[in-house]
Each structure stands twice: as structure tokens, then as C-alpha cells.
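Each residue takes its place number in the sequence, starting with 1.
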Amino acid sequence: MIKRYYSISLVLFSLFFLSLSGCATYYQKNKKYQSLVSQGKFDKARTHLEKDTRAKEGKNKILYYLNEGWVKYMTQDYDGSIKSFETANNLIADYQKNYALGALSYLINPKVIPYQANDVENVMVNYYKALDFMLTNRYQEALVEAKQITNKLYTINDKYKKYKNHYSDDAFAHIMVGLLYDANNDYNNAFIAYRNALKVYKEVYSNNFGIDAPEQLKKDILRTAYLTGFRDEVRRYEQEFNMKYNHKDHDGGYIVFLWENGFGPIKDEWSINFSIIRGTGGIVTFENEELGLSFPFPATGSGNDDFSDLEFIRVAFPKYVERKPVLTDAYCEINGKKYTLELAEDINAIEFKTLNDQMLRTLANSLLRLAAKKAIEYTARNENENIGAALGIVNAITEQADTRNWQTLPHSIYYTRIPVPAGENQIDFKANGHMGSTQDSFIINVGKGQTKFFDYRSLESNSAY
């Protein structure tokens, strides 16, 4: 009997220290890296990241390669970025649940198992790979990556049965496809892609994320419809957009200017208190009247004895905390003419909505974890009341949410198309915010008939806390 108590105590001791080591959020543990990238010290951030060999091989290795791919992108190591993102993409695709660790997650918390990228992170891998190719004028490779974004989303949403995601398609991915076809003078396919983007804005983005189709998209639909010879489509969309199209031949080139603003949300933790309602047939229902949540579970052990001393329980869940950008609007200016950068993708809003869509699935898993914990606690109490009570304390401490996520994604993405004469062009970028404004200038060389892509990242963001 003493040996049995010693074994249980050792388990409790181990669980306790596991819980203490995991109390800090992922953001807090990686504050040095976050601070470096927020200050634009990308070379130092890359060096700091490369020194973390433990993360490269540990349970957070997907996040390691996502961060590595991004920081290489920011240091203009585009081939290195592609390689890192390809590694991350393969890890995501080949991810198989480790059942031993999966079982451990039910005894402790989901932070102990290898991180699996969420739906938004999964497709943003292809977004950045597409940018890597676009900025190095490899448009066919970029086109493949842009198409993968929508293909992935269709596959992801097919696996959800009862609770579908609102993020079912990506409007900006369709725009990127259109821009790339457009750059290759394939106006027919460009028109189709732009039209697909318009459909997603109307059917998905407007209601779910509060984003309407950009004016630039409408202009590109009319232009490519005209260049393809679809005169009926031109008239139809002129009427729909309340916009008259007057075609003007352009003997120069175009700059597609992308503006990534701020940083996306970070994950933190919140909890819900459930009251326990004991039913017949060994059924225990976890109920929260305020949120209208009710989840019945079969109680383990003898009847409902597992929960006989409990009236309320606490369950931890992840939540997002927004980092609002300091800058709110921007435009590009060339030769005295302004081109407004329009919101095309609100990653912050998509992340919040997606996490909310997954709430019921996460809730069910969390309650299963809690039921498993309480079953072990019940067994321990039968053998030794003190050990059972200690295990109850450990259970409370180890009830933690998974706060890991890819934290260098932008808050939102804007774009515009700028017609420019062939040769060197100075583009003046100006952005405004509640705390002032910022500006920058770039010299971009564009050939006749060429479309050149340019991406600018603003790092100014308010603190998450």
C-alpha cells in the first residue's frame, strides 16, 4: 500500500511541476523575439530564432518554421523563406496525432502535445510563399501557391460536419490569382478570378467579417471584362457597381502595392464556470445558463459519484486578444496623384470568427479532459483522501488553455493598382493614425507592359495588454 501511495505522489509531483512550467502564455515565453520583430530588428530576430534549437525539434516546431519563414521573408531571403515555409507546410500536411501525448493532454492540458496550425495559419503559409515568388517575378509558381489557399479551405471545410466555419473561402486569394493572371495578360482567367473574389466578398466577407469588395476589384473586373471582349459583362457590372468604365490604353506598366498593417491577435486564456446537474442513468450535464451551453456526459465510476462533492467546475479555453494597429489608413502618391490603399483582408477578424466557430468543438474536448481528470481524482480519493484532495488542486492548476499561435501575421492587408510610365518611378507612401502619421518613399523600376508587385509592412501596433 505504501508503494502505491508513493507512486501516486510521484505522479502528482510531476504533474504539479509540469503545470508550473506551462503557466506563462506562448506570447510571454517568446517576448524577446516579439520585441525584436516589433522594432524591425529582423536580422537580430532571425539570429535569436536560430539559436532556439529546442523549438526547432520540439512540440512547437511548426511554429518555429512559420516564424523562420516569415523572418527570412522580411530580410528579403525569399528562397530561404520558401524553403522554411515548405517545411512548415509539409509538417502541417503530415501531422499525425501522437496518441500517447494525446492521452496526456486529457490528463494535463492541450499544451503538452505538438502544435498543429489553425486553419488561417495553414493557408497563410501559401500566401507568403506566393509573395516570395511574386516579389522575385516568378508568377507561375506564385499562381500555384495562391490557388492552394482556396483549395486548402475547401478541403478543410469539407471535414467539418455539423459546425461549419464562416471562413469557407478567401476573397483576397482570388484577387491574388486574378492579379497574377492579369500580369501575364491572361485577361479571361483574370476576369474569372476577380469575379470569384467579388462573389466571396458578397456571400462570405460582408456578413462575417465586415469587408465589402474594394473599389479596385470592381475596376479590375470592368477592365478585364472589356479586354476579354465581354461587352455584356461590362454593361452588367457597370449597372451593379454604379460605375461607368471608360477604357484608356496604357503604354507603361503597373505597380500592385500591398500594405500589411500591424500584427494579428495573440492567444490568451479565459475560463467558463459550469454548474453540475446530475441526471438518471449515470449522466452528468455541464451547464452554463449565461452562455446557453449544455453538455451531457456519462459519468465514470459508480453512477455520478465522480462529481458527488462538486457543484461547479472551471474549464479553460483559448481566446484572442487584438493588437490594434496604430495606423488606420494609407495611400500611395505618384506625380501628385493619390491611390488609396483599400482593405482587402482582415486577418484579425477572420481569426476571431474562426476561433469562435471552433468553440463548441474545443468545449467538448475540454469537458472530456475534465471528466478524465475527475475520474482519476475520484479513484485517488477512494484510496487516500489527502492524495485525492492534492490531485484536485493539481487538476485546477493544470486546467490551462493552449495559447500558442503564429503571432507575426499582419492584422490586415490592403492593396491598390497604380498605372506608371515605363522606367524608374518614385512612389510616396503615406499612412495616418490616431497618434500621428508616417511616410516613406521607394524607387520602383517597371518595364513596359510589366506588372511589378511591392509589399510594405507597417509594424506599429498597440500592446495586447
Quiz prompt | Partner set under side chain to side chain contact (heavy atoms under 4.5 Å, CB included) for L343, not counting sequence neighbours | solution = I211, S412, Y414

Self-check item: S206 side chain to D212 side chain, donor-acceptor N/O pair below 3.5 angstrom
Solution: yes

Quiz prompt | Geometric cation-pi criterion, R457 with Y73: 6.0 Å, 45° | solution = no

Practice problem: Check whether the ring centres of F263 and H411 lie less than 6.0 Å apart, and answer yes or no. | Solution: no

Quiz item: Does the gap between the ring centers of F442 and F454 come in under 6.0 Å?
Solution: yes

Quiz item: What do you reckon, are the aromatic ring centroids of F429 and W259 less than 6.0 Å apart?
Solution: yes

Self-check item: Any residue meeting side-chain hydrogen bond (donor to acceptor under 3.5 Å, both in side chains) with N405, in chain and number order, not counting sequence neighbours
Solution: Q407

Quiz prompt | Distance-only side-chain donor-acceptor flag, K152 / N89, under 3.5 Å | solution = yes

Quiz item: Just wondering, are more than 12 heavy atoms of other shown residues or ligands nearer than 6.0 Å to NE2 in H247?
Solution: yes

Exercise. Have a look at R404 and tell me which of K267, Q116, K59 forms a side chain to side chain contact (heavy atoms under 4.5 Å, CB included) with it.
Key: K59

Self-check item: Check ion pair D132-K129 (N to O, under 4.0 angstrom)
Solution: no

Quiz item: Do the side-chain N and O atoms of E345 and Y127 include a donor-acceptor pair separated by under 3.5 angstrom?
Solution: no

Quiz item: Does one side chain, of S35 or Q39, offer a donor that lies under 3.5 Å from an acceptor on the other?
Solution: yes

Exercise. For the pair D77 and R46, find out whether any cationic side-chain nitrogen is under 4.0 Å from an anionic carboxylate oxygen.
Key: yes

Practice problem: Starting from the C-alpha separation in whole Å, work towards a yes-or-no answer on ring pair (Phe, Tyr, Trp, His ring centres under 6.0 Å) for Y245 and Y226. | Solution: CA-CA 9 Å; Y245 178 72; Y226 178 88; 5.6 Å; yes

Practice problem: Answer yes or no: is there an ion pair linking K319 with E269, defined by an N-O contact shorter than 4.0 Å? | Solution: no

Exercise. Apply side-chain hydrogen bond (donor to acceptor under 3.5 Å, both in side chains) to E215 and list each qualifying residue two or more places apart in sequence or on a separate chain.
Key: K218

Practice problem: Please determine, by modelled atom types, if N356 and Q358 share a side-chain donor-acceptor pair under 3.5 angstrom. | Solution: no

Expected list for residues 180-191: side-chain donor-acceptor pairs under 3.5 angstrom, two or more places apart:
| residue | atom | partner | partner atom | Å |
| --- | --- | --- | --- | --- |
| Y181 | OH | K147 | NZ | 2.8 |
| D182 | OD1 | R223 | NH1 | 3.3 |
| D182 | OD2 | Y194 | OH | 2.9 |
| D182 | OD2 | R223 | NH2 | 2.5 |
| D182 | OD2 | R417 | NH2 | 2.9 |
| N185 | OD1 | Y187 | OH | 3.0 |
| D186 | OD1 | N189 | N | 3.3 |
| D186 | OD2 | N189 | ND2 | 2.8 |

Practice problem: Take the angle between the ring planes of Y254 and H250 and call it parallel below 30°, perpendicular above 60°, tilted in between. | Solution: tilted

Quiz prompt | K338 NZ/CZ over Y331 ring centroid, <6.0 Å and within 45° of normal | solution = yes

Practice problem: State which residues pass side-chain hydrogen bond (donor to acceptor under 3.5 Å, both in side chains) with D52; sequence neighbours excluded, sorted by chain then number. | Solution: none

Quiz item: Of all residues at least two apart in sequence or in a different chain, which pass the side-chain hydrogen bond (donor to acceptor under 3.5 Å, both in side chains) check with S84?
Solution: E68, K72

Quiz prompt | Check ion pair R236-E233 (N to O, under 4.0 angstrom) | solution = yes

